[in-house]
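FYI, the numbering just counts along the sequence from 1. These figures come from a predicted structure and were not determined experimentally.
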Amino acid sequence: MAAIEASKTALRQEIALRIAKLTAEEKQRQSKIVFEKLINLSAFKSSNRISVYLSTNDEIDTEPIVRKIFQEGKKCFVPRYSKAGMQMVRLASMEDWETLPVTKWNIKQPLLKEKREDALETGGLDLLVCPGVAFTPRGDRLGHGGGYYDSYLKKLKQLQESPPAAIAVAFKEQVQDSIPVTPNDVTVDAVLYPK
């Protein structure tokens, strides 16, 4: 297990270096391609309750996805992290998104003390747009190391009769033929990236 953890750490560093070499224009170019792929998926079109992570500069830009969810009258849920784990809470509007505070990890997130609708308490999710550091085309996923998404996906599978589609979005630099995984790592249904 220690060897797998060491190779995960090394891969996270390698991917971070690859992404650091991308220009802002290239990140936007790839983000646009991934956005188009996502909104044309039947899983997106048929979903009403969608969870999407709020991106940093080193990730596929999810702002257009959030915007599209609201344009189509769907419900948007975003991650809120705490020591207790992760919950998906409802975002009211684009104005709500614009005024969210930023955490010490430079991630936009609703305040913990704020009362918001929790997806798990009000009907679950139809689609989960997942972040990650590295992926395989088959759906293996290497996260940032906190285990938040692995735990959340397991919980959803237990609580929901039909679990949501879990779709990862990535730069092509994040996709590899194989990545180190453990039995605790949950695979996603699809990985969208520019080929």
Side-chain angles (χ1 to χ4, degrees), residues 12 15-16 19-20 22-39 44 47-122 124-135 141-153 155-156 164 166-171 173-174 188 191-193:
R12 285 188 186 104
I15 299 286
I19 292 174
L22 296 177
T23 62
E25 294 75 25
E26 177 59 14
K27 288 177 185 174
Q28 273 310 307
R29 187 190 74 77
Q30 290 199 38
S31 291
K32 281 193 179 89
I33 294 169
V34 170
F35 170 74
E36 288 299 328
K37 285 185 173 195
L38 178 71
I39 65 168
F44 182 86
S47 292
N48 182 39
R49 298 168 64 87
I50 301 173
S51 145
V52 61
Y53 71 96
L54 301 178
S55 55
T56 65
N57 287 336
D58 297 331
E59 297 172 308
I60 287 289
D61 182 7
T62 60
E63 183 198 343
I65 301 169
V66 173
R67 212 170 272 286
K68 182 75 172 167
I69 292 169
F70 285 119
Q71 280 169 358
E72 299 208 348
K74 299 173 186 281
K75 293 184 175 84
C76 183
F77 293 86
V78 298
R80 181 161 69 181
Y81 304 92
S82 69
K83 287 186 179 75
M86 179 176 75
Q87 55 179 175
M88 292 296 174
V89 295
R90 182 132 174 228
L91 202 56
S93 62
M94 277 315 288
E95 294 72 41
D96 189 11
W97 175 86
E98 283 157 12
T99 57
L100 285 177
V102 175
T103 67
K104 64 180 179 190
W105 298 286
N106 210 24
I107 300 169
K108 281 183 169 229
Q109 128 167 341
L111 293 171
L112 292 171
K113 62 179 183 231
E114 226 178 317
K115 186 83 185 103
R116 285 186 181 249
E117 179 184 334
D118 182 328
L120 287 182
E121 294 168 0
T122 59
L125 293 166
D126 303 319
L127 172 65
L128 192 71
V129 179
C130 300
V133 176
F135 306 92
R141 175 184 168 275
L142 173 67
H144 292 276
Y148 289 109
Y149 271 84
D150 293 317
S151 302
Y152 196 80
L153 283 165
K155 198 190 295 182
L156 283 175
I167 309 288
V169 292
F171 296 119
E173 288 74 11
Q174 293 176 274
V188 292
V191 181
L192 305 181
Y193 62 98

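The side-chain tip of K37 does not point at the ring of F44 from less than 6.0 angstrom away and within 45° of straight on.
Sorted by first and then second residue, the pairs that involve residues 80-102 and meet ring pair (Phe, Tyr, Trp, His ring centres under 6.0 Å), not counting sequence neighbours, are Y81-Y148.
The shortest non-hydrogen separation linking K155 to L120 is CD-CD1, 3.5 Å. Scanning both residues, Y149 and P131, for their nearest heavy atoms gives CZ-CD, 3.3 Å. For R116 against R90, the heavy-atom pair with the smallest separation is NH1-O, 2.9 Å. Contact record, V133 with Q174: O-NE2, 3.1 Å, taken as the closest heavy-atom pair. Looking at every heavy atom in both residues, V89 comes nearest to P110 through CG2-CG, 3.7 Å. Summarising the geometry of C76 relative to V66, their closest heavy-atom pair is SG-CG1, 4.2 Å, with the distance given to 0.1 Å.
With rounding to the nearest 0.5 angstrom, the CD atom of E26 is 9.5 Å from the OG atom of S31. Note: K68 NZ to L38 CG = 10.5 Å, rounded to the nearest 0.5 Å. Of the inter-residue distances, the one linking E98 atom CD with M94 atom CE reads 5.5 Å to the nearest 0.5 angstrom. Put simply, OG1 on T56 and CD1 on I19 are 8.5 Å apart, with the number rounded to the nearest 0.5 Å.
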_L22 vs F171, side-chain contact (heavy atoms from CB on, under 4.5 Å): CA-CA, chis, key distance, verdict_ = CA-CA 10 Å; L22 296 177; F171 296 119; 4.1 Å; yes
Would D61 and K27 count as a side-chain contact (heavy atoms from CB on, under 4.5 Å) here? Give the steps. CA-CA 8 Å; D61 182 7; K27 288 177 185 174; over 6 Å; no
(Q) Walk me through whether F77 and L127 qualify under side-chain contact (heavy atoms from CB on, under 4.5 Å). (A) CA-CA 10 Å; F77 293 86; L127 172 65; over 6 Å; no
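A donor-acceptor pair under 3.5 Å is formed between the side chain of T103 and the backbone N or O of I107.
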Tabulate below the donor-acceptor pairs under 3.5 Å that side-chain atoms of residues 47-54 make, not counting sequence neighbours, or state none.
residue : atom : partner : partner atom : Å
S47     : OG   : A43     : O            : 2.4
R49     : NE   : G124    : O            : 2.6
R49     : NH1  : T122    : O            : 3.4
R49     : NH2  : A119    : O            : 3.4
R49     : NH2  : T122    : O            : 3.1
R49     : NH2  : T122    : OG1          : 2.8
R49     : NH2  : G124    : O            : 3.2
Y53     : OH   : I60     : O            : 3.4

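Side-chain atoms of R80 and Q87 form a donor-acceptor pair, as typed in the model, at a separation below 3.5 Å.
A salt bridge is absent between K32 and E36; no separation between the charged side-chain nitrogens and carboxylate oxygens falls under 4.0 Å. Ion pairing between a basic and an acidic side chain is recognised when a charged N comes within 4.0 Å of a carboxylate O; E25 and R29 show no such pairing. Salt bridge K108/D96: absent, no basic N to carboxylate O contact under 4.0 Å.
For the pair E63 and R67, the minimum side-chain heavy-atom distance is below 4.5 Å. The side-chain heavy atoms of P164 and D126, taken from C-beta on, include no pair separated by under 4.5 Å. Contact annotation: the side chain of D150 approaches that of R141 to within less than 4.5 Å [non-hydrogen atoms, C-beta and beyond].
Annotation: side-chain contact (heavy atoms from CB on, under 4.5 Å) contacts of S151 (sequence neighbours excluded): none.
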